[in-house]
Trainee: 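Quick one: the structure is below, questions incoming.
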Amino acid sequence: MQLADKYLPETIEQKWYDFWIDNNLFHSEPDEREPYTIVIPPPNVTGMLHMGHMLNNTLQDVLVRRARMQGKNACWVPGTDHASIATEAKVVAKLKAEGIDKSSLTREEFLKHAWEWKEKHGGIILQQLRKLGASCDWERTCFTMDEARSAGVIKVFVDLFRKGRIYRGVRMVNWDPSAQTALSDEEVVYKESQGKLYYLRYQVEGSDKYIVVATTRPETILGDTALCVNPNDERYKWLADDARVIVPLVGRSIPVIRDEYVDLEFGTGALKVTPAHDVNDYMLGEKFGLEAIDIFNDNGTINDKVGMYVGMERFECRRVIEGDLAAANLLEKVEPYTNNVGFSERTGVAIEPKLSMQWFLSMEELAKPATTAVLEDIIKFVPAKYKNTYRHWMDNIKDWCISRQLWWGQRIPAYYLPKGGYVVAETAEEALALAQEKDASLTMADLRQDEDVLDTWFSSWLWPISVFDGLRYPNNPEIEYYYPTNDLVTGPDIIFFWVARMIMAGYEWRNEKPFGNVYFTGIVRDKLGRKMSKQLGNSPDPLDLIAKYGADGMRVAMLMSTSAGNDVMFDEALCEQGRNFGNKIWNAYRLINMWEVDEKLEQSEACREAIEWFDEVMTERVARIDRDMEQYRISEAFTELYRLFWDDFSGWYLEMVKPAYQQPADAKTIARTKHYFDMLLRLLHPFMPFITEEIWQDLKPEADVKSIVIARQPAADREANEQILARFTLAQEAISAIRNVRKQKNIAQKEPLTLNYIADENYPAEYAAVIEKMGNLKQIEAVTEKDSTAAAFIIKTTQYFIPMEGKIDREAELKKLAEDLTYYEGFLSSVMKKLSNERFVSSAPEKVVANERAKQADAEAKIAAIKEQMAALQ
RNA sequence: GGGAGCAUAGCUCAGCUGGUUCAGAGCAUCUGCCUUACAAGCAGAGGGUCAGGGGUUCGAAUCCCUUUGCUCCCACCA
């Protein structure tokens with residue numbers, strides 16, 4: 001095949017992806033092989049691919065492709081998440097842009113729009129993943145809201161309800177006034193915000209005295225139902241036990257209560273109590289039997305309960321009230337104040353603590369086996385530091401608010417009866433049957449299903465089970481075969497949202513872990529360390545990068561910069577490096593592809609030596625890469641391969657076996673070289689699938705294997721011969737030294753040189769042919785006499801000379817030797833210090849002491865050799 | 001407020017159970033090369049008090065204590 005002199009990824013990537021799909025190489029069915037399963041962290045159905053997905057999916061693809069090449073039945077299940085809040089918000093916005101208000105639509109009408117939107121935009125992200133080369137089993141693509149997944153969710157809800165784990169009640173929840181739904185604690189993000197601390201005057205009833213209260217939220221005075229001070233506070237001892245105060249502006253009379261909850265140090269030591277709008281106030285309210293006055297509408301505007309500021313937006317109200325308070329002389333002062341405010345993770349608006357009727361899942365029982373599994377490494381976290389985070393959260397787990405006041409999602413299967421009470425069932429028919437047990441006269445028309453849907457995570461937590469339909473059909477062959485999955489690759493930011501809950505669900509419905517290992521990636525940041533975000537505009541579009549550098553180049557960039565749990569400082573230069581590596585592989589192949597075979601040609605000695613050495617290199621590296629991969633040191637494994645290919649194979653091996661220009665090569669060497677190339681391609685394939693397939697198909701090492709995707713991963717079947725590797729290093733050092741001489745003396749590589757050496761045990765005679773070829777030497781000769789006119793160097797203890805005929809600068813040579821001498825003498829003395837230390841010799845392990853003795857001998861020999869050369873020069 | 005982690009070359013990071021010439025790699029920089037596979041390349045070079053201090057040890061980048069700086073998680077005193 002005629003090959004372009006540069007690797008052009010864009011010309012081959014689509015071709016091979018189609019080939020893989022056409023040949024069904026990513027599809028898995030249960031069989032007798034060992035399964036290897038990964039379920040994708042489902043991206044939002046309407047989402048777009050970002051750098052985080054690139055990182056995450058590159059890693060998953062590496063793992064799954066490698067497993068596939070190890071002969072396992074590899075199955076990577078893709079899918080998307082319905083992301084109820086995010087998607088509903090997008091649909092509402094889209095409708096609004098078209099002039100349609102959500103409130104003007106019925107639930108059914110709205111859902112029709114939402115499904116249309118999903119059909120149109122959903123799955124774009126999965127198409128994008130194909131560009132990256134993701135080897136997902138697309139036939140298995142799931143959606144958290146498709147029929148099977150939804151049925152599983154409903155079944156689980158009913159199951160939990162019957163087990164008594166789900167309850168309904170009025171609680172203080174995090175209210176998102178934009179999405180107009182409750183949120184779980186995990187969906188609230190706290191951020192430091194610049195606010196103000198307002199000091200308000202509450203007049204004591206029947207007196208002209210005031211109590212000053214500090215608050216960050218003056219608008220909530222509308223809901224005040226008490227004022228609280230610490231019973232130990234000397235400042236308020238004068239207050240009568242049954243004292244009452246007047247709420248500023250509102251004029252309502254409220255009691256003064258006393259509770260040690262109040263911090264004496266904060267503000268004035270007096271606290272206004274608004275049970276409907278603050279978690280702590282709510283608890284005080286419960287304790288003292290206070291009324292809770294909810295002053296907000298669901299959208300965050302003031303309601304008509306109090307009859308003031310009605311319809312005003314909450315922050316607007318705060319500004320207006322500040323003015324009114326000041327005008328009424330009820331505002332003592334205002335100070336700037338920084339505090340933490342909770343914001344909705346999805347819509348970004350400030351959360352309103354609000355009392356409302358919601359569904360909750362009791363978590364304590366679920367958490368028990370899930371905690372044990374991680375602490376005892378039944379499920380292994382990589383890196384392990386996240387075990388602590390996990391344990392802390394699990395030990396303090398709180399009940400999960402699972403209802404959302406949205407339409408996009410699985411509707412809660414609770415059915416209310418006309419005379420109060422409700423039943424929970426998987427279908428309306430079953431619900432009716434249950435209802436009729438209570439009242440035989442009820443008909444379907446009497447039942448009213450709960451309006452709320454379930455939290456998205458209430459479907460995501462079932463993902464490893466639900467993708468195999470293991471909830472509806474717990475004994476089906478697929479779930480039995482693929483479950484538990486092997487590895488989960490995800491970000492630590494969703495450890496509570498998702499990872500912990502999947503573990504709980506796994507034990508609850510399978511009585512088994514959902515996955516064996518969790519690999520936590522870091523966050524992708526820009527090179528300044530900032531998190532990539534749309535707002536900052538610092539996130540490149542991954543598809544642009546793929547177009548520019550190729551998918552393999554992009555993958556390499558991700559692989560080079562990641563280690564488990566650490567953030568990725570992304571720099572486009574890494575993509576370039578990845579592309580360059582692809583080009584390097586390409587050109588190495590061009591080289592061997594261009595060789596002519598001469599069947600009659602004998603293998604040269606240099607080739608034989610090179611092969612003897614490279615066999616050991618491959619053996620050693622394959623073992624090292626295996627070790628790294630077993631420990632999920634994926635970046636290290638790749639770096640190892642990168643250096644193996646670039647330095648050892650291209651830089652050394654190919655240069656050693658390369659025939660002279662337009663000369664043929666012998667068949668034996670070509671065969672061996674192609675064998676190495678084949679091995680390297682297979683090792684590289686999980687990391688760089690496209691270029692390896694392109695070349696492998698041309699190389700065709702195995703006629704009966706149709707793709708490298710299903711070729712076998714090389715395995716280390718023996719120990720590498722350390723002796724050969726060490727001896728060869730001596731030859732490499734000699735070659736480097738010759739190159740140095742050339743550089744210093746300004747001698748072109750083309751000009752052949754003579755190399756003389758004084759033979760000793762450190763002269764690698766068995767690799768002389770390699771030294772000759774790589775050094776471009778016309779001859780190598782053993783001598784006994786030092787040559788003061790030659791350029792000289794010492795490798796270990798062997799003295800080498802390159803005759804120079806007067807080109808030698810004696811002074812410079814002597815100076816360099818003197819520097820070497822100083823270094824080695826210093827080194828020797830540090831070794832001797834250790835060896836003469838009685839305590840070192842007696843307490844250090846035998847091996848270490850022996851090593852020091854060897855260092856001593858080497859250093860002494862080296863020093864002797866340097867001295868001899870210096871003497872010869874004088 | 002509680003907890004975890006990090007600090008090694010200009011940058012990004014390796015350095016695994018303390019022990020080789022241990023102070024490394026890649027990128028960047030500098031020097032010399034368009035040498036017929038590759039200038040997206042080749043051959044070289046410079047560059048670090050392993051954050052500061054103390055300790056344990058025959059021996060510390062590595063273990064312990066401490067100071068400083070940064071990051072993250074949890075909690076949420078109005």
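Each chain gets a letter, A, B and so on, in the order the sequences are listed, and its residues count up from 1. Remember, it's a predicted structure, so these values are computed and weren't measured experimentally.
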Trainee: Can you check the distance between B/C65 and B/G24, where both ends of the measurement are the C1' atom (answer in whole Å)?
Mentor: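 After rounding to an integer number of Å, I get 29 Å for this pair.
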
Trainee: In whole angstroms, how far is the C1' atom of B/A78 from the CD1 atom of A/I211?
Mentor: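 It works out to 15 Å between those atoms.
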
Trainee: Considering only atom C1', compute the distance from B/A78 to B/C70 and round it to an integer number of Å.
Mentor: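 Each nucleotide's C1' atom is 31 Å from the other's.
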
Trainee: If I pick the P atom on B/A28 and the same atom on B/C42, what distance separates them, to the nearest angstrom?
Mentor: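 After rounding to an integer number of Å, I get 12 Å for this pair.
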
Trainee: State which of B/A75, B/A4, B/A25 makes the closest approach to the side chain of A/N340.
Mentor: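 Out of B/A75, B/A4, B/A25, the nucleotide with an atom closest to A/N340's side chain is B/A75.
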
Trainee: Between C1' on B/G26 and CG on A/D647, what's the gap in Å once rounded to a whole number?
Mentor: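 The distance from CG of A/D647 to C1' of B/G26 comes to 10 Å, rounded to the nearest Å.
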
Trainee: Report, one pair per line, the protein and nucleotides 11-18 of chain B atoms (nitrogen or oxygen only) whose separation is under 3.5 Å.
Mentor:
| from | atom 1 | to | atom 2 | distance (Å) |
| --- | --- | --- | --- | --- |
| B/A14 | OP1 | A/S563 | OG | 3.3 |
| B/A14 | OP1 | A/N566 | ND2 | 3.0 |
| B/G15 | OP1 | A/R633 | NH1 | 3.1 |

Trainee: Strictly under 4.0 angstrom, non-hydrogen atoms only: write out the protein contact profile of nucleotides 35-45 of chain B, one letter per nucleotide from the 5' end, B, S or -.
Mentor: -BBBSBSSBS-

Trainee: So which of A/V334, A/L325, A/L331 actually passes side chain to side chain contact (heavy atoms under 4.5 Å, CB included) with A/P218?
Mentor: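 When side chain to side chain contact (heavy atoms under 4.5 Å, CB included) is applied between A/P218 and each of A/V334, A/L325, A/L331, only A/L325 qualifies.
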
Trainee: Roughly how many Å is it from NZ in A/K385 to P in B/U71, rounded to a whole number?
Mentor: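 Whole-Å distance recorded here is 15 Å.
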
Trainee: At 4.0 Å (heavy atoms only), tell me whether A/P492 reaches a base, stays on the sugar-phosphate, or touches nothing.
Mentor: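 Touches nothing.
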
Trainee: Side-chain N or O of A/Y337 less than 4.0 angstrom from OP1 or OP2 on B/A78?
Mentor: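 Indeed, a polar side-chain atom of A/Y337 lies that close.
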
Trainee: If you look at every heavy atom in A/A861 and A/T797, which pair is closest and at what distance?
Mentor: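 Scanning both residues, the minimum pair turns out to be CB-CG2, 3.2 Å.
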
Trainee: Think A/K196 forms a cation-pi with A/Y337, using NZ or CZ under 6.0 Å from the six-ring centre and within 45 degrees of its axis?
Mentor: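 Negative - A/K196 is either too far from the ring of A/Y337 or too far off its axis.
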
Trainee: Taking atom P in both B/U62 and B/G19, compute the distance separating them and give it to the nearest angstrom.
Mentor: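 Comparing P positions in B/U62 and B/G19 gives a spacing of 11 Å.
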
Trainee: Rounded to the nearest angstrom, tell me the gap between atom OH in A/Y386 and atom P in B/C74.
Mentor: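 Result: 12 Å.
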
Trainee: Nearest heavy-atom pair of A/N583 and A/D5: which atoms, and what distance?
Mentor: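 It is OD1-O, 4.2 Å.
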
Trainee: With a 6.0 Å cut-off (strictly less than), is the heavy-atom count around CG of A/N396, excluding the residue itself, greater than 12?
Mentor: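 It does: A/N396 CG has more than 12 such atoms within range.
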
Trainee: Quick one about A/Y198 and A/E219 (side-chain donor to acceptor, distance below 3.5 Å, no hydrogens or angles considered), yes or no?
Mentor: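 Short answer, no.
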
Trainee: Contact class for A/V262 (heavy atom, under 4.0 Å): base, sugar-phosphate, or nothing?
Mentor: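 Answer is base: heavy atoms of A/V262 come under 4.0 Å of a base.
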
Trainee: Take the protein atom CG of A/L644 and the nucleotide atom P of B/A25, then report the distance between them rounded to whole Å.
Mentor: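 Spelled out: CG on A/L644 to P on B/A25 is 17 Å.
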
Trainee: Check the distance between B/A78's P and A/Y261's OH and give it to me in whole angstrom.
Mentor: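 Those two atoms, OH and P, are 8 Å apart.
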
Trainee: Determine the contact category for A/R217: base if any of its heavy atoms lies under 4.0 Å from a base atom, sugar-phosphate if only primed atoms, P, OP1 or OP2 are that close, otherwise nothing.
Mentor: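 The answer is nothing, as A/R217 stays clear of every strand by at least 4.0 Å.
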
Trainee: Check A/Y676, A/F638, A/Y589, A/F677 against A/F645 for a ring-ring contact (aromatic ring centres under 6.0 Å, His included) and give me the one that passes.
Mentor: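 Testing A/F645 for a ring-ring contact (aromatic ring centres under 6.0 Å, His included) against A/Y676, A/F638, A/Y589, A/F677 leaves exactly one candidate, A/F677.
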
Trainee: Starting at NZ of A/K834, measure out to CG of A/N851 and round the result to the nearest 0.5 Å.
Mentor: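 Here the rounded value is 9.0 Å.
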
Trainee: If I pick the C1' atom on B/G18 and the same atom on B/C64, what distance separates them, to the nearest angstrom?
Mentor: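 That atom pair is separated by 13 Å.
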
Trainee: Using the P atoms only, state how far B/G1 lies from B/U67, rounded to an integer number of Å.
Mentor: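 About 15 Å, rounded to a whole number of Å.
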
Trainee: Pull out every residue in residues 493-500 of chain A that has a heavy atom closer than 4.0 Å to any atom of RNA chain B, ordered by number, or say none.
Mentor: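 Residues of residues 493-500 of chain A that come under 4.0 Å of RNA chain B are, in numerical order, A/F496.
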
Trainee: What distance, rounded to whole Å, do you find between the two C1' atoms, one in B/U8 and one in B/C50?
Mentor: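 Comparing C1' positions in B/U8 and B/C50 gives a spacing of 4 Å.
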
Trainee: Taking side-chain contact (heavy atoms from CB on, under 4.5 Å) as the test, write out the residues that go with A/N740, two or more places apart.
Mentor: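 Residues passing side-chain contact (heavy atoms from CB on, under 4.5 Å) with A/N740: A/Q744.
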
Trainee: Just call it for A/Q577: base, sugar-phosphate, or nothing, with non-hydrogen atoms closer than 4.0 Å on any strand.
Mentor: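 Answer is sugar-phosphate: A/Q577 comes under 4.0 Å of backbone atoms only.
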
Trainee: Starting at atom CZ of A/F645, determine the distance to atom P of B/G26, rounded to an integer number of angstrom.
Mentor: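 So the CZ-P distance, A/F645 to B/G26, works out to 17 Å.
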
Trainee: With rounding to the closest Å, how many angstrom separate the C1' atoms on B/A40 and B/G26?
Mentor: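 Per the computed distance, 16 Å lies between those C1' atoms.
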
Trainee: Closest-nucleotide mapping onto RNA chain B: is A/T639 or A/L197 further toward the 5' terminus? I mean the 5' end.
Mentor: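 In this pair, the answer is A/T639.
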
Trainee: Would you classify A/N837 as touching base, sugar-phosphate or nothing, given that sugar-phosphate means primed atoms plus P, OP1 and OP2, and contacts are heavy atoms under 4.0 Å?
Mentor: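 Sugar-phosphate only.
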
Trainee: Which nucleotide in the set B/C76, B/A78, B/C27 lies at the smallest distance from any side-chain heavy atom of A/F266?
Mentor: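 Ranking B/C76, B/A78, B/C27 by closest atom to the A/F266 side chain puts B/A78 first.
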
Trainee: If we count only N and O atoms by modelled type, under 3.5 Å, do the side chains of A/Y7 and A/N587 hold a donor and an acceptor together?
Mentor: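 A/N587 and A/Y7 do not have a side-chain donor-acceptor pair below 3.5 Å.
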
Trainee: With rounding to the nearest 0.5 angstrom, report the CD to OG distance, A/E838 to A/S843.
Mentor: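 Those atoms lie 9.5 Å apart.
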
Trainee: Please report, rounded to the nearest Å, how far the C1' atom of B/C58 is from the NZ atom of A/K834.
Mentor: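 After rounding, the reported distance stands at 10 Å.
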
Trainee: Name all pairs fulfilling the side-chain hydrogen bond (donor to acceptor under 3.5 Å, both in side chains) condition that reach into residues 649-664 of chain A, sequence neighbours left out, sorted by first residue then second.
Mentor: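 Sorted pair list: A/Y653-A/T673, A/E655-A/K658.
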
Trainee: Checking A/K387 against A/T389 for the side-chain hydrogen bond (donor to acceptor under 3.5 Å, both in side chains) test, could you report, in this order, the C-alpha distance in whole Å, the side-chain angles of both residues, the deciding distance, and whether it holds?
Mentor: CA-CA 6 Å; A/K387 279 166 77 174; A/T389 314; over 6 Å; no

Trainee: Using salt bridge (charged side-chain N to carboxylate O under 4.0 Å, His left out), reason through A/K548 and A/E576 one step at a time and then give a plain yes or no.
Mentor: CA-CA 9 Å; A/K548 202 163 160 196; A/E576 202 179 329; over 6 Å; no

Trainee: Could you provide the dot-bracket string of RNA chain B, using ( ) for intrastrand pairs, [ ] for crossing pairs and | for bases paired to another strand, with Watson-Crick or G-U pairs below 3.5 Å?
Mentor: (((((((..((((.....[....)))).(((((.......))))).....(((((..]....))))))))))))....

Trainee: With heavy atoms under 4.0 Å as the rule, sort A/K398 into base, sugar-phosphate or nothing.
Mentor: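 If one applies the 4.0 Å heavy-atom cut-off, A/K398 turns out to touch the sugar-phosphate alone, with no base involved.
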
Trainee: Set out, in order, the CA-CA distance, both residues' side-chain angles and the distance that settles side-chain hydrogen bond (donor to acceptor under 3.5 Å, both in side chains) for A/E825 and A/T822, then state yes or no.
Mentor: CA-CA 5 Å; A/E825 281 176 342; A/T822 310; 5.6 Å; no

Trainee: Whether the side chain of A/R742 engages the backbone of A/G775 through a donor-acceptor N/O pair (distance < 3.5 Å, no angle test) should be reported.
Mentor: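 Indeed, once roles are kept as given, a pair shorter than 3.5 Å links the two residues.
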
